[in-house]
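Reviewing the structure listed below.
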Amino acid sequence: MRYRKKLTALLMAGLVGTAALIPAGTAWGATGWVADGSKWKYIDQDGSTHKGWVKTSDGTFYFLDLSTGYMATGWKQINGNWYYFHSNGAMATKWIQDGGKYYYLMDDTGVLVKGWLKIGNDYYYMKGDGSMSAGWREMDGGWYYFKENGKCTIGWGQIGSDWFYFGSDGKMVTGWKQIDNAYYYLNVDSKSVLGKMMTGWLSDGTNKYYMDTSNGKMAHGWKQVDGSWYYFNDSGHMTTGWIQLSGVYYYLDPSTGKMAMNTTLTIDGKSYTFGSNGAYQGNASGSPSGSTNGNSPGGTSTDTSTAPGGSSQGTSGSGGPGGTSSGGNTLSGAPGSSSNDTPGGSSNPSGSNGYQLSPGLTTGPG
């Protein structure tokens, strides 16, 4: 009676198959999964303790220690490869979390991944111990940045309060970079923040440039900075001296580049008057090339709120790097702007996943 109660309990728990216990005279022998105290073994039909791989009818793999025959749990090195087995013995695949770190086991074999890992369109880097990289990493002659969810940053990425740009290979870019018909400058000075998108005034020792403070784009044409107007040519160089645009003359201070406006200046011994929009008025003792009748660049407005060239291009900007942000240091749809999620988009914690032990095949994965 005691034996039948024990057998019924085992069958109801799903831990042995209906043919797992075989009568043999007055002795009883088990095949399939059997408990040995708090551990599990797998008994072959000849009554011997199985060692090595077991695959159950639901396709789940288990491993029985080659010395003791006990079912493996946790990390296990087999034939030079590392595997992870949940607390119920089931071999793990895909993402797992263990000891506060994330690891990835191959979908089909369960082998621990090391090095680059691609899932969909996303790249991850698994370190030498198999744990997922997060944060900055220097390798392959460049710097990479991996978000909290492990994804390699490609394109624009905001890290702290600074913006960086990463190429299609994931490496951080430095120096001049043209992106979507605009130029940006990524810091090359390793003594400060290497790779940081620069804003404000820059100089290459010969020419001065202005990078918009809201989006980092190099200025072209007219630009108002701190209440003064400047003009930048197609190469982004700040222009000084006389310039003629659409038949109108302007004068930019040779030292500062600031456009003359609402003033009369003596230049090379001659007197010139400039209107509120900076246009040379042509009513003084000399002219660079005749009178312009006070016409503003590109139109007839003399309103001081209108930038030379017909429209204001103030420093507020209208977009974040590479995107359509409404201003500030944010980027609409920027890589890495959202996420503290777990690798692959959803957590797959270690421990029991509800698998049920059952008898099965004895061939290993892969």
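All figures in this text were calculated on a predicted structure; none of them were measured in a lab.
Of all heavy-atom pairs spanning Lys94 and Asp107, the tightest one is CG-OD1, 3.2 Å. Taking every heavy atom of both residues into account, Asp98 and Tyr103 meet most closely at O-CE1, 3.6 Å. Here the closest heavy-atom approach between residue Thr49 and residue Gly69 is recorded as CG2-CA, 4.0 Å. Scanning both residues, Thr239 and Leu252, for their nearest heavy atoms gives O-CD1, 3.4 Å. Nearest heavy-atom pair across Met211 and Met198 is CB-O, 3.5 Å. Minimum interatomic distance between His86 and Ile96 (heavy atoms only, all atoms of both residues): CE1-CG2, 4.4 Å.
Judged purely by distance below 3.5 Å, without hydrogens or angles, the side chains of Tyr209 and Asp204 pair a donor atom with an acceptor atom. There is a side-chain donor-acceptor pair under 3.5 Å between Asp36 and Tyr70.
For Ser192, the side-chain hydrogen bond (donor to acceptor under 3.5 Å, both in side chains) partners at least two apart in sequence or on another chain are Asn187.
Below 30°, between 30° and 60°, or above 60°: for Phe232 and Trp201 the angle between ring planes is between 30° and 60°, a tilted geometry. Ring geometry for Trp242 versus Phe274: interplanar angle of 30 to 60°, hence tilted.
A donor-acceptor distance shorter than 3.5 angstrom exists from the side chain of Lys114 to the backbone of Gly128, with no hydrogens or angles considered. Proximity of a side-chain donor or acceptor of Lys171 to a complementary backbone N or O of Asp140 within less than 3.5 Å is detected. Between the side chain of Asp65 and the main chain of Thr68, a donor-acceptor pair closer than 3.5 Å is present. With Ser235 contributing its side chain and His237 its backbone, the two residues share no donor-acceptor pair below 3.5 Å. Without hydrogens or angle criteria, Gln281 side chain to Ala279 main chain gives a donor-acceptor distance under 3.5 Å. Thr31 places no side-chain N or O within 3.5 Å of a backbone atom of Ile43 that could act as its donor or acceptor partner.
Separation of the Trp53 and Tyr42 ring centroids does not fall under the 6.0 Å cut-off. With ring centers used as reference points, Trp33 lies under 6.0 Å from Tyr62.
In this structure, Lys76 is not positioned above the aromatic face of Tyr83 in the sense of NZ or CZ being under 6.0 Å from the six-membered ring centre and within 45° of the axis.
Cluster note: Ile159 groups with Trp136, Trp143, Tyr145, Phe164, Phe166, Met172, Val193, Leu194 through ILVMFWY side-chain heavy atoms spaced under 4.5 Å, whether in direct contact or through intervening members.
The shortest distance between side-chain heavy atoms of Ile119 and Tyr124 falls below 4.5 Å. Counting only heavy atoms from C-beta outward, the side chains of Tyr125 and Leu117 never approach each other to under 4.5 Å.
Asp212 and Lys217 are not joined by a salt bridge, as no carboxylate oxygen comes within less than 4.0 angstrom of a charged side-chain nitrogen.
Within the structure, salt bridge (Lys or Arg N to Asp or Glu O under 4.0 Å) contacts touching residues 121-131 (residues at least two apart or in different chains) are Lys101-Asp129, Asp122-Lys151.
Exactly one residue among Trp82, Trp95, Tyr84 makes a ring pair (Phe, Tyr, Trp, His ring centres under 6.0 Å) with Tyr104. That residue is Trp95.
For the atom pair CG (Leu186) and CG (Asp162), the distance works out to 11.0 Å, reported to the nearest 0.5 Å.
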